Amino acid sequence: LRPGSRSRQQWTPAEVRELISRGRLQEASDAVDLLRQSTLQRELIAMCLKGEIAFHEHRDADAEAMFRQALEQAPGLADAQYGLSLVLGERGQHELAVLHAQFAVNSGSEPRFSAQLGLCHIRRGSFAMATAALARATRLDPLDKASWNNLGIVARARRDVPAARAAFK
């Protein structure tokens, strides 16, 4: 995606999410338009990725609209449920955020879904449920630093210092 580049690299959703996580939002936006043709539910996934980009750009209304539009077309789409959980959680609507995150977890096995569910439970003060969700997230992706950090926060809140140390380590 370098200016003047003639190659049109095709991107996977995971590669686009990596750009988003690194804060390279313009590159991610460009990459969404170049998703591999073989991507399952390509248009819906592209809509959700654009929603995630909008969320990270603090355009929550745009993000929510994209996630809801994707859900209108595919009510069980885990990526849209996850995205809606992001927006609702930021807005402080924790109960609704938990419902959408749980739906995403039930519909897909991606670690980020469990991590989001854990974060939603932390925000609600449901530490036992947060622990379960974050433990699942770290089993699915042992290198996810945010999930380990949140697991440490939960352990510290539960006054389990050894578990907190282990998670932070």
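Quantities reported herein were computed from a predicted structural model and do not represent experimental measurements. Start at 1 with the first residue, then count along the sequence.
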message: I'd like to know if R91 and E64 make a salt bridge, using a cut-off of under 4.0 Å between side-chain N and carboxylate O.
response: yes
- prompt: About how many Å separate CZ of R24 and CD1 of I53, when rounded to the nearest 0.5 Å?
  reply: 12.5 Å
- prompt: Between atom CZ of R124 and atom CD of E95, what is the distance when rounded to the nearest 0.5 Å?
  reply: 4.0 Å
- request: With rounding to the nearest 0.5 Å, note down the distance linking CD in Q81 to CD in Q116.
  value: 12.0 Å
field: Verdict with reasoning, L84 to F103, per side chain to side chain contact (heavy atoms under 4.5 Å, CB included)
entry: CA-CA 11 Å; L84 203 47; F103 198 101; over 6 Å; no
message: Any heavy-atom pair between the side chains of V105 and E110 that's under 4.5 Å?
response: no
message: Would a single hydrophobic cluster contain both I153 and L151, if residues Ile, Leu, Val, Met, Phe, Trp and Tyr are joined by side-chain heavy-atom contacts under 4.5 Å?
response: no
message: Has S29 got a side-chain atom pairing as donor or acceptor with L25's backbone, closer than 3.5 angstrom?
response: no
Pairs satisfying salt bridge (Lys or Arg N to Asp or Glu O under 4.0 Å), at least one member in residues 43-55, at least two apart: R17-E52, D33-K50, E52-R112
message: Grouping I, L, V, M, F, W and Y whenever their side-chain heavy atoms are under 4.5 Å apart, do W148 and M129 come out in a common cluster?
response: no
message: Can you pull out every ring-ring contact (aromatic ring centres under 6.0 Å, His included) where at least one residue sits in residues 64-97? Sequence neighbours excluded, please.
response: Y82-F113
- prompt: Who pairs with R42 by salt bridge (Lys or Arg N to Asp or Glu O under 4.0 Å), at least two apart in sequence or on another chain?
  reply: none
Atom CZ of R165 with >12 non-hydrogen neighbours under 6.0 angstrom: no
- request: Could you tell me the separation between the OG atom of S85 and the CG atom of L99, rounded to the nearest 0.5 Å?
  value: 9.0 Å
field: Note, I122 side chain near N150 side chain (heavy atom, < 4.5 Å)
entry: yes
field: L49 side, atom CG; D79 side, atom CG - distance, nearest 0.5 Å
entry: 7.0 Å
field: E90 bridged to R123 by N-O distance under 4.0 Å
entry: yes
- request: Could you walk me through whether L134 and S114 pass side chain to side chain contact (heavy atoms under 4.5 Å, CB included), step by step?
  value: CA-CA 6 Å; L134 293 166; S114 292; over 6 Å; no
query: Step by step, would you call W11 with V32 a side chain to side chain contact (heavy atoms under 4.5 Å, CB included)?
result: CA-CA 7 Å; W11 296 79; V32 168; over 6 Å; no
message: Under 4.5 Å between side-chain heavy atoms, counting indirect links through other Ile/Leu/Val/Met/Phe/Trp/Tyr residues: same cluster for L35 and L19 or not?
response: yes
